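In what follows, a structure is listed as structure tokens, so that the remarks can point back to it.
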Amino acid sequence: MLARIAGTGSFLPERVVDNNELSQMVETSDEWIQTRTGIKTRHIAEDDTAVSMAIHAAKRAVENAGITPDDIDMIIVSTVSSEQNLPCVACEVQAALGATHAASFDLNAACTGFITAYQMAAGQMAAGLIETALIIGTECLSNLIDWSDRSTCILFGDGAGAAVLQAEDTGEDNKIISVLHSDGTKGNALTCSIGHGKDKTPFSDYVWMDGKEIYKFAVKQVPKVIKEILEMSGQTADDIDYFILHQANRRILEAIAKRMHQDESKFPMNVMEHGNISSACIPVLLDSLNREGKLKKGMKLVVAGFGGGLTWGGFYMEW
Ligand code: ACO
């Protein structure tokens, strides 16, 4: 049994904020931001929300897959930045699509969220419980940013990406190849609290991170998890057409490519235009590659994410 991506969709808010605009808000410069992160622009939501962006991306993925909402058995939304806890974003998407047969829930695994949603849906497929799933990463991170903190406000953007997964019985001994890891002991490297404390006092905290710790974690763990995926799939790094990774920062992606002795052209990037959109990065990137016709049938892909928690993981698939 395999879990194939049958269609993709994405949505980015209209407003684009470039580095020069940020340099009027905090003490920074286009040169500093580009040198350290590769980021030039990011989309920032004005009227859009995590829910509305998820719905737009979902509709596009359903259309791209050529299915009807009735076909969907499960909707999984990954988000850390929804404006609401209840109802969950996935139920809002289910209602907007009229996906009357779908079970729906949200999950939080930060920037590894899309990978986690893939593994949850693929596992259900392997167990024979569902045939079609809609998995979405949607983030309105601008809600959680301290716009006076130059060390974080330059990094993030808003947007949503979605994929339709379909179970495919190949009749061969094909297994779903997907792995997830976590290390809660390092959770303090990337934090954000919102809501109310136990004494009912409202509290609000912005995204905070230990940038150097996250950099080291990503550059060490991502090549390791890719190696694990390659071993499970019986492929070598040279066999892989694209490594589709979480888009935190251009320097991280370049360092990973170098460590793996692979050409950078095998690591597609959109962090320059969109910044870091947490769990939406990977599906937005998949959607643009799909719509540009860069993903050909049979191409071998390793998809991997890493982020808060700390969490990391990835999967192997053939397009
Ligand atoms: N503009 C100008 N100067 C800045 C800015 C800015 N936007 N931000 C920080 N600085 C200053 C700091 O104040 C510091 O000044 P000081 O030396 O006078 O104290 C100096 O630049 C160096 O700061 P560092 O934090 O040490 O900068 P560093 O070289 O580590 O780069 C960065 C920061 C880009 C965040 C880096 O640590 C990194 O790439 N980390 C990876 C983390 C990441 O990408 N996270 C994304 C979110 S997490 C995720 O998706 C998993």
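The structure displayed is predicted, hence computed values, not measured ones.
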* To do: Taking the side chain as every heavy atom from C-beta outward, state whether C192 and D205 have any pair of such atoms under 4.5 Å apart.
  => no
* **Nearest atoms (heavy-atom pairs only) where I135 meets A121** => CG2-CB, 4.1 Å
* **Worked check of side-chain contact (heavy atoms from CB on, under 4.5 Å) between W147 and I44** => CA-CA 12 Å; W147 290 98; I44 298 295; 3.8 Å; yes
* Asked: Any side-chain donor paired with an acceptor under 3.5 Å for S178 and Q119?
  -> yes
* Ignoring hydrogens and geometry, is there a side-chain-to-backbone donor-acceptor pair from K175 to M1 under 3.5 Å? -> no
* Flag yes if F114 and I130 sit in one hydrophobic cluster, no otherwise; membership is Ile, Leu, Val, Met, Phe, Trp, Tyr, and two members link when side-chain heavy atoms are under 4.5 Å apart. => yes
* **Any side-chain donor near an acceptor of the partner, E273 and T41, under 3.5 Å** => no
* **Note, N270 side chain near V284 side chain (heavy atom, < 4.5 Å)** => yes
* Are Y118 and M232 joined in one hydrophobic group, where the rule is that I, L, V, M, F, W and Y side chains link up if heavy atoms are under 4.5 Å apart? -> no
* To do: Answer yes or no: is there a donor N or O on one side and an acceptor on the other, between the side chain of D287 and the main chain of S10, under 3.5 Å?
  => yes
* In sequence, state the C-alpha distance, the side-chain angles, and the governing distance for R250 and E254, and then conclude on salt bridge (Lys or Arg N to Asp or Glu O under 4.0 Å). => CA-CA 6 Å; R250 186 178 183 139; E254 287 170 350; 2.8 Å; yes
* Is atom CD of E27 surrounded by more than 12 heavy atoms (other residues, nucleotides or ligands) closer than 6.0 Å? -> no
* **Residue of the set D71, V93, V77, L165 for which side-chain contact (heavy atoms from CB on, under 4.5 Å) holds with L134** => V93
* **Any side-chain heavy-atom pair of L295 and D241 under 4.5 Å** => no
* To do: Given side-chain contact (heavy atoms from CB on, under 4.5 Å), test I229 with V179 step by step and report yes or no.
  => CA-CA 7 Å; I229 294 161; V179 285; 3.7 Å; yes
* To do: Give a yes or no answer on whether the side chain of N108 reaches the backbone of V80 with a donor-acceptor pair at less than 3.5 Å.
  => no
* Criterion side-chain contact (heavy atoms from CB on, under 4.5 Å) on I72 and L97, from CA distance to verdict -> CA-CA 10 Å; I72 303 169; L97 260 52; 4.0 Å; yes
* Asked: Which distance, rounded to the nearest 0.5 Å, do you find between the CG of N85 and the CG of D106?
  -> 9.0 Å
* Asked: Applying the 4.5 Å side-chain criterion to the ILVMFWY set and letting contacts propagate, would V16 and M269 be lumped into a single cluster?
  -> no
* Any side-chain heavy-atom pair of C281 and H274 under 4.5 Å -> no
* To the nearest 0.5 Å, how far apart are OG in S78 and CD1 in I76? -> 10.0 Å
* Check I136 against A54 and note the closest heavy-atom contact, atom names and distance. => CG2-CB, 4.0 Å
* With hydrophobic residues grouped by side-chain heavy-atom distances under 4.5 Å, do V219 and M260 end up in a single group? -> yes
* Asked: Among Q34, K40, R42, E31, which residue meets the side-chain hydrogen bond (donor to acceptor under 3.5 Å, both in side chains) test with N19?
  -> R42
* Hey, what do you get for OH (Y242) to CE (M299), rounding to the nearest 0.5 Å? -> 5.0 Å
* Do the side chains of E14 and H43 get nearer than 4.5 Å, heavy atoms only? -> no
* **L190 CG to C111 SG distance, which is reported to the nearest 0.5 Å** => 6.5 Å
* Asked: Is the gap between the ring centers of F217 and W312 under 6.0 Å?
  -> yes
* Asked: With no hydrogens and no angle check, is any side-chain donor or acceptor of S23 less than 3.5 Å from a backbone partner on S29?
  -> no
* Asked: Would the number of heavy atoms belonging to other residues, nucleotides or ligands and lying under 6.0 Å from CD of E63 be above 12?
  -> no
* With a 4.0 Å cut-off, would you call E46 and R15 a salt bridge? -> yes
* Asked: How many angstroms lie between atom CD of E21 and atom CG of D30, to the nearest 0.5 angstrom?
  -> 12.5 Å
* Structure fact -> Rounded to the nearest 0.5 Å, the OG atom of S142 sits from the CZ atom of F156 at a distance of 11.5 Å
* Asked: Are the side chains of T138 and D158 in touch, meaning some heavy atoms are under 4.5 Å apart?
  -> no
* Structure fact -> All heavy atoms of A237 vs all of L230, minimum pair found to be N-CD1, 3.6 Å
* Hey, does the side chain of N143 reach the backbone of C140 with a donor-acceptor pair shorter than 3.5 angstrom? -> yes
* State whether the number of non-hydrogen atoms from other residues, nucleotides or ligands found under 6.0 Å of K186 atom NZ is greater than 12. => no
* Asked: Would you say the side-chain atoms of D70 and T68 include a donor-acceptor pair closer than 3.5 Å?
  -> no
* State, with a plain yes or no, whether a side-chain heavy atom of I5 is found less than 4.5 Å away from one of V164. => no
* For the pair T236 and D238, evaluate side-chain hydrogen bond (donor to acceptor under 3.5 Å, both in side chains) and give the outcome as yes or no after the intermediate values. => CA-CA 5 Å; T236 67; D238 290 343; 4.9 Å; no
* To do: Please step through side-chain contact (heavy atoms from CB on, under 4.5 Å) for the pair I39 and M272, ending with a clear verdict.
  => CA-CA 4 Å; I39 301 167; M272 296 78 104; over 6 Å; no
* Asked: Any sub-3.5 Å donor-acceptor pair from Q166's side-chain atoms to E131's backbone N or O?
  -> no
* Considering all heavy atoms, the nearest L180-M120 contact -> CD1-CE, 4.1 Å
* **Between S151 and D149: side-chain donor-acceptor atoms closer than 3.5 Å** => yes
* Asked: Is there a donor-acceptor contact under 3.5 Å linking the side chains of N249 and T37?
  -> no
* To do: Spell out, as yes or no, whether a donor-acceptor pair under 3.5 Å connects the side chain of T112 to the backbone of T311.
  => yes
* Asked: Is it true that a side-chain atom of E168 and a backbone atom of R4 form a donor plus acceptor pair closer than 3.5 Å?
  -> no
* Under 3.5 Å side-chain donor-acceptor pair for E228 and H181 -> yes
* Asked: What is the ring orientation for F243 with F267, classed by angle as parallel under 30°, tilted 30 to 60°, or perpendicular over 60°?
  -> parallel
* Would you tell me whether Q247 and N276 have side-chain atoms, one donor and one acceptor, within less than 3.5 Å of each other? => no
* **Common cluster, M74/M125, ILVMFWY with side-chain heavy-atom separation under 4.5 Å** => yes
* **Nearest heavy-atom neighbours spanning P223 and R259** => CG-CD, 4.1 Å
* Asked: Are the side chain of T8 and the backbone N or O of A163 linked by a donor-acceptor pair below 3.5 Å?
  -> no
* Side-chain contact, heavy-atom cut-off 4.5 Å: I33 with T28? -> yes
* To do: Could you tell me whether the side chain of H101 and the main chain of D73 form a donor-acceptor pair under 3.5 Å?
  => no
* **Where I282 and I115 come nearest, the two heavy atoms and their spacing** => CD1-CD1, 3.9 Å
* Compute whether any side-chain donor of one residue and acceptor of the other, for Q221 and D183, lie under 3.5 angstrom apart. => no
